[in-house]
Amino acid sequence: MLKKILVVALALMMVFALAACGGDSGGSSSSSSSSSEAKPEETAEAEPAAAGDRIVRYGRNMANVFTLDVWDTSLNSTFQISDCIFDRLLDKNPETLELELNLLEEFPTVSEDGLTYTFKLKQGVKFHDGKELTAEDVKYTFEYFYDADTMSNNTWVCDVIKGAKDMMEGKTHELSGFTVIDDYNFTIEIEYPYAAFTSVLAVSMLPILPKDQPTEAGDDWGIGTINGSGPYKLKEFLPGEKVVLETNPDYHGDIPDVDGIEFINMDSATAFMEWEAGTIDLCDVDSDHVAEYEEKYPNNFVRQPVVGTVRFQVNPGIAPLDNKQVREAVTYAINREEIVNGHYKGNMQIINGVIPDGIPGFDPTREYHEYDPEKAKALLAEAGFPDGITITASVRDTSEDWKQVLQLLQNQMAPAGITLEIETLDAAGLMDKRNNGLIQCMLSDWYADYIDADMYMYNLFQSDYSKNMSNIRNDAWYDEQVENARRITDQAEREEIYKMLDNYLVNEDFNFTPLFQDVSFMLCSDRVSGVFMKKDLLITFAHASIK
């Protein structure tokens, strides 16, 4: 537990802990990565690629990477590396994000009542230390995930397995819903039919661990000791500076056609200079340089819309935002066109909901509210605030990009009689305030760890879960609807329910103002192929090749 305390404390000093899937109030999108993440204190040196060099080098902000253990963080930068080292039961296709097999021989079979899943593991899968991966390792992984002594920060992503809540509450150390049949077969029983369960098994938060090793390694796990079964294994880790992976020649799947990967800490300006000089192969591009770099390097420039949305979130639990007319006024006081076409230079996609394009439940036909400060002012007067209101938006102190967006919102809201004050907090202070429901409003993003609208509609807006997002809701009707949607197996029916609920939040409850769907940009060298940004905001290296 000492390692967990130390690493989490370090991570909180550097970055808000839910940056991967969003909800970080700090801007985690790679499109603004140069300004939204903690600034690198040092830049590791990259050597020019020599003839015959077969290492893929990626220059990016690594200053907040202090562990490779996804139990302790939810950073995309950590997930990206962990996904190379570990396997999961299922994976997402890098191009389509559709589920595909990883450690399983076949997709799990489901009982008629939808409660019991039966799994069959591949045989002969080896961890990097040569030990064979069996059902006992899978059982250990899930119990390590939920156990009160080692519990992950990300148990919210999958708490439906029978006995999980008892483990998290410290009542037991064994997961009653997990049964090992033999070395390669096991079952998982869940509390209620849950349509997204198989999708959840592909998330980065649930890599399969070698039994007992994380516990035995203690403080060293995720730092000096990391043992997976994935296509790459750890060679060197300098926290906050550099991660070096080497290709696993004994991988059970397709072996990448490279010798390894280096993740090197660099700010965006340095990374671009190193990329131009040929010392690195990959670098992120922020929105300010999209047009310039795309014109200069059209064959190397990559533009990828991702399944993530950014919104202006208001907290109905704090007055005057407990008044629905006031929340509606805030929506009409926001000019999304100015944010997207001005600040982001047209590189983002305006959206009118929290469900992004690419997730079933996205509604491209829904109209969005035009900027109308006079209507906003009239709504405030009707709500009993003829002299206007003052609200406070909280933001992480290192999030320069989102500070600029909030300043734009500040100017947009003023003609409507809304005074927007901006409060900057360090990562730990922001998380503490958010988790206690004390943030009045904020910019917030959310990305799809699993490809299902449940990822958005339940985890962000179901009343019990929303409280941890400073979105204090007590909406019994909504909760009933979103709970029922989890249990429906007809995907077309679920999609219509999610469209209806998203519309309800935006156009009837005015719980948030949707701003845009994110887009990521990067440059890739001519010598590298098979490496690209996926729609879930993670770069895949599983099929990397060097000419």
Side-chain angles (χ1 to χ4, degrees), residues 27-37 40 43 46 48-49 53-62 76-77 80 93-97 256-258 261-310 339-351 356-358 400-401 404 445 447 516-547:
S28 62
S29 64
S30 63
S31 60
S32 57
S33 60
S34 64
S35 57
S36 65
E37 295 180 350
T43 298
D53 180 277
R54 294 180 54 74
I55 303 294
V56 178
R57 294 180 175 85
Y58 180 15
R60 61 154 300 157
N61 191 326
M62 298 288 291
N76 269 326
S77 45
Q80 202 155 267
N93 181 282
E95 295 183 2
T96 66
L97 298 186
D257 186 27
V258 298
I261 313 166
E262 289 186 8
F263 300 85
I264 307 165
N265 186 42
M266 296 179 185
D267 61 57
S268 62
T270 301
F272 176 67
M273 288 189 292
E274 295 288 344
W275 185 86
E276 279 198 313
T279 59
I280 63 174
D281 298 291
L282 302 169
C283 72
D284 298 327
V285 176
D286 59 64
S287 59
D288 287 343
H289 295 97
V290 166
E292 174 190 353
Y293 295 172
E294 188 171 23
E295 180 179 3
K296 192 173 183 179
Y297 299 105
N299 296 325
N300 304 95
F301 188 88
V302 180
R303 177 190 295 264
Q304 176 65 278
V306 296
V307 283
T309 52
V310 177
I339 294 169
V340 169
N341 297 323
H343 181 71
Y344 289 110
K345 298 177 170 55
N347 290 312
M348 304 299 160
Q349 173 187 336
I350 292 177
I351 194 170
D357 190 1
E400 298 303 323
D401 180 66
Q404 293 171 22
D445 54 5
Y447 299 91
F516 57 85
Q517 179 160 345
D518 208 352
V519 181
S520 293
F521 313 98
M522 63 181 291
L523 288 166
C524 183
S525 68
D526 292 327
R527 74 187 194 113
V528 172
S529 62
V531 176
F532 57 91
M533 178 73 72
K534 299 185 294 180
K535 294 177 183 178
D536 63 358
L537 203 61
L538 296 175
I539 294 177
T540 178
F541 294 90
H543 307 289
S545 178
I546 289 181
K547 297 177 183 178

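Residue Glu95 places its CD atom among 12 or fewer non-hydrogen atoms of other residues, nucleotides or ligands, all under 6.0 Å distant.
No hydrogens or angles considered: a donor-acceptor pair under 3.5 Å links the side chains of Asp401 and His343. Counted by atom type alone, Asn300 and Asp526 present one or more donor-acceptor pairs between their side chains at under 3.5 Å. Of the N and O atoms on the side chains of Ser520 and Gln304, not one donor lies less than 3.5 Å from an acceptor on the other residue.
Put simply, the side chain of Asp518 does not reach to within 4.5 Å of the side chain of Asp445, judged on heavy atoms. By the 4.5 Å heavy-atom criterion applied to side chains, Val290 and Phe301 are counted as neighbours. In this structure, the side chains of Arg303 and Val519 come closer than 4.5 Å at one or more pairs of heavy atoms. Counting heavy atoms from C-beta outward, Asp257 and Arg54 have side chains that approach closer than 4.5 Å. By the 4.5 Å heavy-atom criterion applied to side chains, Thr309 and Ile351 are counted as neighbours. At least one side-chain heavy atom of His543 sits under 4.5 Å from a side-chain heavy atom of Pro94. Side chains of Tyr58 and Ile264 form no contact here, defined as non-hydrogen atoms less than 4.5 Å apart. Between Val531 and Ile539, some side-chain heavy-atom pair lies under the 4.5 Å cut-off.
Here the closest heavy-atom approach between residue Arg57 and residue Thr279 is recorded as CD-O, 3.4 Å. The minimum heavy-atom distance linking Leu282 with Met522 is given by the pair CD2-CE, 3.4 Å. The nearest pair of heavy atoms linking Asn93 to Thr96 is OD1-N, 3.0 Å. Pro305 and Lys535 get closest at one heavy-atom pair: O-CG, 3.7 Å. Minimum interatomic distance between Ala271 and Cys283 (heavy atoms only, all atoms of both residues): CB-CB, 3.8 Å. Shortest non-hydrogen contact noted between Asp281 and Ile55 is OD2-O, 3.4 Å.
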side-chain contact (heavy atoms from CB on, under 4.5 Å) between Asn76 and Leu538, intermediate numbers included: CA-CA 7 Å; Asn76 269 326; Leu538 296 175; 3.2 Å; yes
Before giving the answer on side-chain contact (heavy atoms from CB on, under 4.5 Å), spell out for Glu276 and Lys296 the whole-Å C-alpha distance, their side-chain angles and the decisive distance to 0.1 Å. CA-CA 11 Å; Glu276 279 198 313; Lys296 192 173 183 179; 2.9 Å; yes
Apply side-chain contact (heavy atoms from CB on, under 4.5 Å) to the pair Leu523 and Phe272, showing each step before the final yes or no. CA-CA 9 Å; Leu523 288 166; Phe272 176 67; 3.8 Å; yes
Take Ser77 and Arg60, measure what side-chain contact (heavy atoms from CB on, under 4.5 Å) needs, and give me the verdict at the end. CA-CA 9 Å; Ser77 45; Arg60 61 154 300 157; 3.6 Å; yes
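Looking at Gln517, its side chain does come within 3.5 Å of a backbone N or O of Val306 through a donor-acceptor pair.
Separation of the Phe532 and Phe541 ring centroids does not fall under the 6.0 Å cut-off. Ring centroid separation for the pair Phe521 and Tyr293 does not come in under the 6.0 Å cut-off.
Met266 CE to Met273 CE: the interatomic distance, rounded to the nearest 0.5 Å, is 9.5 Å. Distance check, rounded to the nearest 0.5 Å: CD of Gln80 to CE of Met533 gives 6.5 Å. Between the CG atom in Asn61 and the CZ atom in Phe263 there is a gap of 14.0 Å [rounded to 0.5 Å]. Rounding to the nearest 0.5 Å places OG of Ser287 at 6.0 Å from CG of Asn347.
Ionic pairing of Arg527 and Asp53 is present here: one or more N-O contacts between side-chain nitrogen and carboxylate oxygen are shorter than 4.0 angstrom.
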